[in-house]
There are 2 protein chains.
Amino acid sequence: MKKDMDRMIIPKPAIVRLSTLYVLLENLEAEGKSMIYSAEIGKLLGVPSHTIRKDISFLRQAGTGNGYEITNLKNIIAEYLGFNKYKKACIVGMGRLGTVITTKNGFYSNQYAVVAGFDNNPEKIKKGRNDMDLYPMSKLKEVIDREQIKIGIITVPQSSARKVANELIDCGIKGIINFSPVLIEINREDVFIRNIFIAGEFNILSALISQYENKQTLGE
Amino acid sequence: MKKDMDRMIIPKPAIVRLSTLYVLLENLEAEGKSMIYSAEIGKLLGVPSHTIRKDISFLRQAGTGNGYEITNLKNIIAEYLGFNKYKKACIVGMGRLGTVITTKNGFYSNQYAVVAGFDNNPEKIKKGRNDMDLYPMSKLKEVIDREQIKIGIITVPQSSARKVANELIDCGIKGIINFSPVLIEINREDVFIRNIFIAGEFNILSALISQYENKQTLGE
DNA sequence: TTGATATCGTGAAAAGATTCACCGGAGTTG
DNA sequence: CAACTCCGGTGAATCTTTTCACGATATCAA
């Protein structure tokens, strides 16, 4: 029953899709649904059903041939992709955005826990409005080590984002979600950065829309 | 001097990179820098220099052979990708996240304007704390038509996200930035959705980190 | 002007991701 | 227990994207 033996490398886009699928399955499970078909998933995710089947087939252990059992599929994805390994995160920058993001109001899954918040403004770390512990920046390494945190969120202003990113990496953080509108230089293949770049999203949409329009015009 | 004639189709990932590059160039320009090399850009964006050169070469009109003039490159990208076409956006959901995102605190580029905010809670649209006009949901179509808005931001709770997305699309919106933690069904190729999915980002990082670790273990 | 150096631009090769098409197993029906 | 239908699984074909390698062009110094 070779499980780890032939664990192949999954295309990155497939990882991203499966990660999203996982959240979808969580939602469906909460709604009380128990089975789902590839075609249905595809519709919900906006991708063709064969893409879904292929993605799932990379896991090499899923279905029985007739639909997917939601809880089971969810667990297989979590296990295969290692979701259960790194559940703790910390956040640097307790301004308004940082506070909103980490408030348990449904904008982040309760599967993960943001266990520590940092800011170098003492005022910001006084307010006990959050569900997590707040610390000054000087405690960064201590807390990350103690809590074994591997994921960091950056919500500091532009000017200090890069510095903070480097500090996090030095403290052993392996994954960063960056909300600050600045690009972070990465030159280590063992650290992953997800830039959530609101200004960039506008540009991307703008470009996609007008590229689509051009295509239409050319085609006619 | 055929410009539009041989306008080729640019790979989507290249569009996304160029869109990000644009924001980088804005930053650099603001810092007073005037020239930049592909290697430098690559370092800042975390991609190899040849990828940058290739991306820029899709534009077919850029360099002189020795570095890029920042302002010029910026303008070429904007022109080619149509950034100057759709600058107006609206936002639905004036809760805390919606308010933070649209506050001019540096989290979104001043190149775009969120000109209207909607909410169906009359309380939320009373506070004059924002820089934009606020309306009840009933005015959606009227305002979108009048202002010729093509981009919409969704910051409503999970339960109504899908409904809101459909309403926006019905009103003629062509690009959506969705912050709600729910997947939106799209079955129109003329509407583009960018899901900013915080819970999903955690999963993705978690998966990338553990996939990396597996690779390391296998390789040794 | 000439040579040396640095950097871009791009066609072609390689790698990577998606789509296709068909096989086979699981339910279902009579 | 066939026969039929519906789906998932997956190798192979196709399509897309990235990487490579090298010719061409600009810059600078002497």
Side-chain angles (χ1 to χ4, degrees), chain A residues 1-3 5-21 25 33-70 72-74 76-77 80 189 204 207-208 211 215, chain B residues 2-3 6-21 25 33-70 72-74 76-77 80 189 204 207-208 211 215:
Chain A
M1 210 217 173
K2 55 200 171 100
K3 229 186 189 176
M5 293 283 293
D6 56 0
R7 190 174 267 243
M8 60 171 62
I9 280 161
I10 304 180
K12 257 192 203 160
I15 290 183
V16 172
R17 279 192 302 270
L18 286 168
S19 301
T20 313
L21 172 56
L25 294 173
K33 210 171 153 79
S34 75
M35 289 295 284
I36 194 161
Y37 304 113
S38 62
E40 216 173 338
I41 297 175
K43 233 175 149 190
L44 290 168
L45 259 59
V47 286
S49 65
H50 49 77
T51 302
I52 298 299
R53 292 207 301 282
K54 186 64 168 180
D55 287 351
I56 293 174
S57 96
F58 287 125
L59 309 176
R60 300 283 141 166
Q61 53 178 305
T64 67
N66 195 19
Y68 302 96
E69 208 282 291
I70 289 179
N72 189 240
L73 180 56
K74 205 191 82 178
I76 289 169
I77 293 174
Y80 200 99
E189 64 161 4
I204 291 166
L208 291 173
Q211 165 118 340
K215 209 166 65 186
Chain B
K2 55 200 171 102
K3 229 185 188 178
D6 56 359
R7 192 174 265 244
M8 60 171 63
I9 281 161
I10 304 179
K12 256 193 203 162
I15 290 183
V16 171
R17 279 192 303 269
L18 286 168
S19 301
T20 314
L21 171 55
L25 294 174
K33 211 170 151 79
S34 75
M35 288 296 284
I36 193 160
Y37 305 113
S38 62
E40 215 174 339
I41 297 175
K43 233 175 152 189
L44 290 167
L45 258 59
V47 286
S49 64
H50 50 78
T51 302
I52 297 299
R53 290 207 302 281
K54 185 64 168 180
D55 287 351
I56 293 174
S57 96
F58 287 126
L59 310 178
R60 300 284 142 165
Q61 50 177 307
T64 65
N66 195 17
Y68 302 96
E69 209 282 291
I70 289 179
N72 188 238
L73 180 57
K74 207 191 82 179
I76 289 169
I77 293 174
Y80 201 98
E189 63 161 4
I204 292 165
L208 291 173
Q211 165 118 338
K215 209 166 64 185

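Each chain gets a letter, A, B and so on, in the order the sequences are listed, and its residues count up from 1.
Listed by chain and number, the residues in a side-chain contact (heavy atoms from CB on, under 4.5 Å) with B/Ser49 are B/Ser38, B/Ala39, B/Arg53 (sequence neighbours excluded). Qualifying side-chain contact (heavy atoms from CB on, under 4.5 Å) partners for A/Glu69, counting only residues two or more places apart in sequence or in other chains: A/Ser34, A/Met35, A/Thr71, A/Asn72. A search for side-chain contact (heavy atoms from CB on, under 4.5 Å) contacts involving A/Lys12 returns B/Leu208, not counting sequence neighbours. Residues satisfying the side-chain contact (heavy atoms from CB on, under 4.5 Å) test with B/Lys54, not counting sequence neighbours, are B/Ser57, B/Phe58.
The distance from atom CD1 of B/Ile41 to atom C1' of C/dT7 is 12 Å, rounded to the nearest whole Å. Distance NZ (A/Lys43) to P (D/dC7): 13 Å, rounded to an integer number of Å. A/Leu18 places its CG atom 13 Å from the C1' atom of C/dA17, with the value rounded to the nearest Å. Here D/dC6 presents its C1' atom at 16 Å from CD1 of A/Ile36, a figure rounded to the nearest Å. Between B/Met35 atom CE and C/dT7 atom P the separation is 10 Å, expressed in whole Å. As rounded to whole Å, 13 Å separates atom C1' of D/dT10 from atom CG of A/Leu59.
If you take CG on A/Leu21 and CD1 on A/Ile77, they are separated by 4.0 Å, rounding to the nearest 0.5 Å. Atom CG of B/Leu45 sits about 9.0 Å away from atom CG of B/Asp55, to the nearest 0.5 Å. Once rounded to the nearest 0.5 Å, the distance linking CD1 of B/Ile36 with NZ of B/Lys74 reads 13.5 Å. Put simply, CD1 on B/Ile70 and CG on B/Leu25 are 6.0 Å apart, with the number rounded to the nearest 0.5 Å.
Between B/Ser38 and C/dT7 there is no side-chain polar atom (N or O) within less than 4.0 angstrom of OP1 or OP2. Contact check, A/Tyr68 against D/dG9: a side-chain N or O comes under 4.0 Å of OP1 or OP2.
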For nucleotides 16-21 of chain D, list the nitrogen or oxygen atoms of the protein found under 3.5 Å from its nitrogen or oxygen atoms, one pair per line.
| residue | atom | partner | partner atom | Å |
| --- | --- | --- | --- | --- |
| D/dT18 | OP1 | B/Arg17 | NH1 | 2.8 |
| D/dT18 | OP2 | B/Arg17 | NH2 | 2.8 |
| D/dT19 | OP2 | B/Thr51 | OG1 | 2.7 |

Scoring nucleotides 25-30 of chain C by protein non-hydrogen atoms under 4.0 Å (B base, S sugar-phosphate only, - none) yields -S----
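Nearest heavy atom pair, residue B/Ile15 against residue A/Ala207, reads CG2-CB, 3.7 Å.
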